[in-house]
Amino acid sequence: MSNRTKFALIDCNNFYASCERVFEPKLEGKPIVVLSNNDGCIIARSNEAKALGIKMGAPFFKVKNLVAKNNVVVKSSNYPLYGDMSSRVMKIIGEYSPVQEIYSIDESFIELERLPFNLMSHMQSLRQRVKSWTGIPVCVGIGSTKVLAKLANRIAKKYSRFNGIFDIDDLPYDRYCKLLQSIEVGDLWGVGSQSAKKLNRIGIHTSYDFYKADVGIIETLLGVNGKKVYQELYGNSCIPIEVIPPTRQQIVSSRSFGSDLKDFDELNQALTNLTRKAVNKLNNHKLATTTITVFIYTNPHKKDKPYVHLSKTVGMTSAIQDESQIIPLVAQILRLIYKPGHSFYKGGLVLANLTKDYQQQDLFSVNQNPKIESFKLQKSNTIRGVNKKFKESIKYASELGNNRWLPRAEFRSNRYTTNWSELLII
DNA sequence: TCTGGGGTCCTAGGACCC
DNA sequence: TCTGGGGTCCTAGGACCC
């Protein structure tokens, strides 16, 4: 047991709600919810809000009464703040192990093998340091596989007597089985609602049922991923830590609009903005794309009107990476799919087939005057430089207009850590 | 009636995660 | 009135190749 690899999962408690509290300490002890883009759904809740029965993912308008009655504090999401807080937290976690995977904005796995420390006090020190340096509370789950570390984290969060740290390997076998019996199979990491339904149909309801089932049946029903989860419950590590994030496969940029859009120019305005965001990401990763998908669709929740989903994918013979190439192309594709008379609720684009090698020229293209090519490159570098220094001061004209697409964000807090004009004032 | 075998690549759809 | 956004991987089926 003791010389097996050990993993720890560090998970921030109610991350977005906790970020809001750091800069508004009077919210401590009060119920808080954070809304998705466009103030649509609940995407984070403080413990107090959870206790009121506010569900994850609930549409905001459906819980407005409950929220008002209980004086729940409402915040629009503030990703610049959360992203910056996340990188601070992750950096501190990284000081506690040479092997770290940043799994999501609020979770990180680390490997604990061969660390010359008492594990418990080492992790206790991590928790305290993250809390005192950033204000964010975290819990630590420890186990010999990632699935077990995830499970352990649940326990650490749920029972305060563990002081935020739980090592599942410390459980004797019978207690481990008891624990599995208390957890629904759909709550295991990697078993989602669809798989849970399939398993329920053959009498597998708890994680313990799953643990005791035949591995062949699990593989037939859930495929290789289900089998991995199964084996990880037995302590056989199948899902390795990924220290280096794999290269991106695609970049998606999409939004539901602040108001439904009918007009082509309005849609194009929104799409230009989204394209610029996607291209910035592309450039930051030093990638180029050869496949662009553009899509727009009407509100699927409105039953009185037909749901219309329009999209088109275009492939190119050579990879492109420049705003001046991609923005006009997106506008062209939008022109091809656009149909008047519908109220579009959401739209976006996907850049796919990403490649590092964007110098490759098209064999059949003509007029590749090297002077012109180098001028183009110089131009786009200049624009990028100016925009970096003077925040988004050069834009495509197609992005300017009536801004009806801008998402609602009625309850947004300040970008305390990333914007000079929104610093905390004491 | 009987109709090879082995492989790749691409796409769409489904499932999962946060 | 009001329902998020951004990812990954797997699988099945079709097209195509020799």
Side-chain angles (χ1 to χ4, degrees), chain A residues 9-12 14-16 33-44 55-65 67-68 74-79 82-83 86 90 101-109 146-147 150 153 185-199 219-229 238-239 242 245-260 274 277-278 281-282 285 290-291 293 295 297-304 307 309 311-313 315 343 345-354 407-411:
Chain A
L9 172 69
I10 297 98
D11 192 327
C12 301
N14 313 322
F15 182 55
Y16 298 168
V33 295
V34 179
L35 304 180
S36 67
N37 208 294
N38 230 3
D39 293 344
C41 297
I42 310 278
I43 52 165
K55 295 269 178 287
M56 179 70 173
F60 179 48
F61 72 91
K62 285 191 181 171
V63 294
K64 250 183 179 163
N65 285 338
V67 161
V74 179
K75 296 286 180 184
S76 301
S77 41
N78 184 348
Y79 287 103
Y82 310 149
S86 169
M90 295 304 167
E101 171 183 346
I102 296 170
Y103 176 66
S104 74
I105 196 164
D106 70 336
E107 289 177 47
S108 180
F109 285 102
K146 283 168 127 183
V147 167
K150 269 272 186 186
N153 195 285
V185 67
D187 287 339
L188 288 172
W189 185 51
V191 181
S193 59
Q194 296 309 306
S195 300
K197 264 188 218 159
K198 283 188 207 166
L199 292 165
E219 192 176 4
T220 312
L221 227 50
L222 308 188
V224 293
N225 285 326
K227 189 180 173 188
K228 281 182 186 165
V229 175
C238 313
I239 308 168
E242 286 179 6
T247 48
R248 286 217 172 291
Q249 308 289 309
Q250 57 180 31
I251 290 169
V252 181
S253 184
S254 75
R255 282 287 179 287
S256 39
F257 309 128
S259 326
D260 286 355
L274 291 170
K277 286 197 175 114
K281 207 178 251 186
L282 190 74
H285 287 91
T290 62
T291 307
T293 305
F295 58 88
Y297 54 82
T298 60
N299 194 332
H301 304 289
K302 280 189 179 158
K303 299 297 174 206
D304 54 328
Y307 171 59
H309 183 139
S311 89
K312 188 169 182 61
T313 303
S343 297
Y345 148 92
K346 181 172 175 173
L349 69 150
V350 184
L351 307 179
N353 245 318
L354 304 183
R408 290 182 292 273
E410 209 180 313
F411 317 100

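Naming convention: chains lettered A, B, ... in sequence-line order (proteins, then strands); numbering from 1 in each chain.
- With ring centers used as reference points, A:Y79 lies under 6.0 Å from A:Y16.
- The listed nucleotides are C:dG7, C:dG6, C:dG4; the one nearest the side chain of A:R248 is C:dG7.
- At the phosphate of C:dT3, neither OP1 nor OP2 sits under 4.0 Å from any side-chain N or O atom of A:S36.
- At whole-Å resolution of the value, NZ in A:K303 and P in C:dT3 are 13 Å apart.
- Look at CG on A:D260: it is 12 Å from C1' on C:dT3, rounded to the nearest Å.
- At the heavy-atom level, A:L274 lies nowhere under 4.0 Å from the strands shown.
- Nucleic acid contact for A:N38: none, since no nucleic acid atom lies under 4.0 Å from a heavy atom of the residue.
- Under the Watson-Crick or G-U wobble criterion, with both distances below 3.5 Å, C:dC18 is paired with B:dG5.
- Between A:N353 atom CG and B:dT11 atom P the separation is 8 Å, expressed in whole Å.
- Among the atoms of the strands shown, only primed sugar atoms or phosphate atoms (P, OP1, OP2) are found under 4.0 Å from some heavy atom of A:S193.
- Contacts of A:F15 with the nucleic acid, taken as non-hydrogen atoms under 4.0 Å apart, are absent.
- Distances from the side chain of A:S195 to the nucleotides B:dA15, C:dC10, B:dC18 place B:dA15 closest.
- Along DNA chain C, the nucleotide closest to A:G223 and the one closest to A:T247 are compared, and the more 5′ of them pairs with A:T247.
- Residue A:E107 contributes atom CD, which lies 15 Å from atom C1' of C:dT8 at whole-angstrom precision.
- No donor-acceptor contact under 3.5 angstrom links the side chains of A:S343 and A:D260, judged on distance only.
- Using a cutoff of 4.0 Å between basic side-chain nitrogens and carboxylate oxygens, A:K150 and A:E107 are scored as salt-bridged.
- Atom CG in A:L354 sits roughly 10 Å away from atom P in C:dG7 (whole-Å rounding).
- Of the listed nucleotides (C:dC10, C:dG5, B:dC16), C:dC10 has the atom at the smallest distance from the side chain of A:V224.
- Regarding A:K228, its NZ atom lies at a distance of 10 Å from the C1' atom of C:dC10, rounded to whole Å.
- Judged by the 6.0 Å distance and 45° axis criteria, A:K346 is not positioned over the aromatic ring of A:F257.
- Counting only heavy atoms from C-beta on, A:K302 has its side chain closest to C:dC2 among B:dC16, C:dC2, C:dG4.
- Looking at the side chain of A:N225, the nearest of the listed nucleotides C:dT3, C:dC10, C:dT8 is C:dC10.
- Taking only side-chain nitrogens and oxygens, A:K150 comes nearer than 4.0 Å to OP1 or OP2 of B:dC18.
- Here the P atom of nucleotide B:dC17 and the CD atom of A:E242 are 16 Å apart, to the nearest Å.
- Nucleotides of DNA chain C nearest to A:Q249 and A:H301 differ in position, and the one nearer the 5' end is that of A:H301.
- Protein atom CG of A:L222 is 14 Å distant from nucleotide atom C1' of C:dT11, rounded to whole Å.
- For A:S256, a side-chain nitrogen or oxygen approaches OP1 or OP2 of C:dG5 to under 4.0 Å.
- Side chains of A:I239 and A:V147 form a contact here, defined as non-hydrogen atoms less than 4.5 Å apart.
- Closest approach of A:F295 to A:S311, counting heavy atoms only: CB-CB, 3.6 Å.
- For A:V252, the listed nucleotide lying nearest its side chain is C:dG6; candidates were B:dC18, C:dG4, C:dG6.
- Distance from the side chain of A:K281 is smallest for C:dG7 among the nucleotides C:dG5, C:dT8, C:dG7.
- Checking C:dG4, C:dC2, B:dA15 against every side-chain atom of A:Q194, the shortest atom distance belongs to B:dA15.
- For A:W189, whose side chain is taken as the heavy atoms from C-beta onward, the closest listed nucleotide among C:dG5, C:dT3, B:dC18 is B:dC18.
- For C:dT8, neither phosphate oxygen OP1 nor OP2 lies less than 4.0 angstrom from any side-chain nitrogen or oxygen of A:Y103.
- Checking the phosphate oxygens (OP1, OP2) of C:dG5, a side-chain nitrogen or oxygen of A:K346 falls inside 4.0 Å.
- The shortest distance between side-chain heavy atoms of A:L354 and A:T247 does not fall below 4.5 Å.
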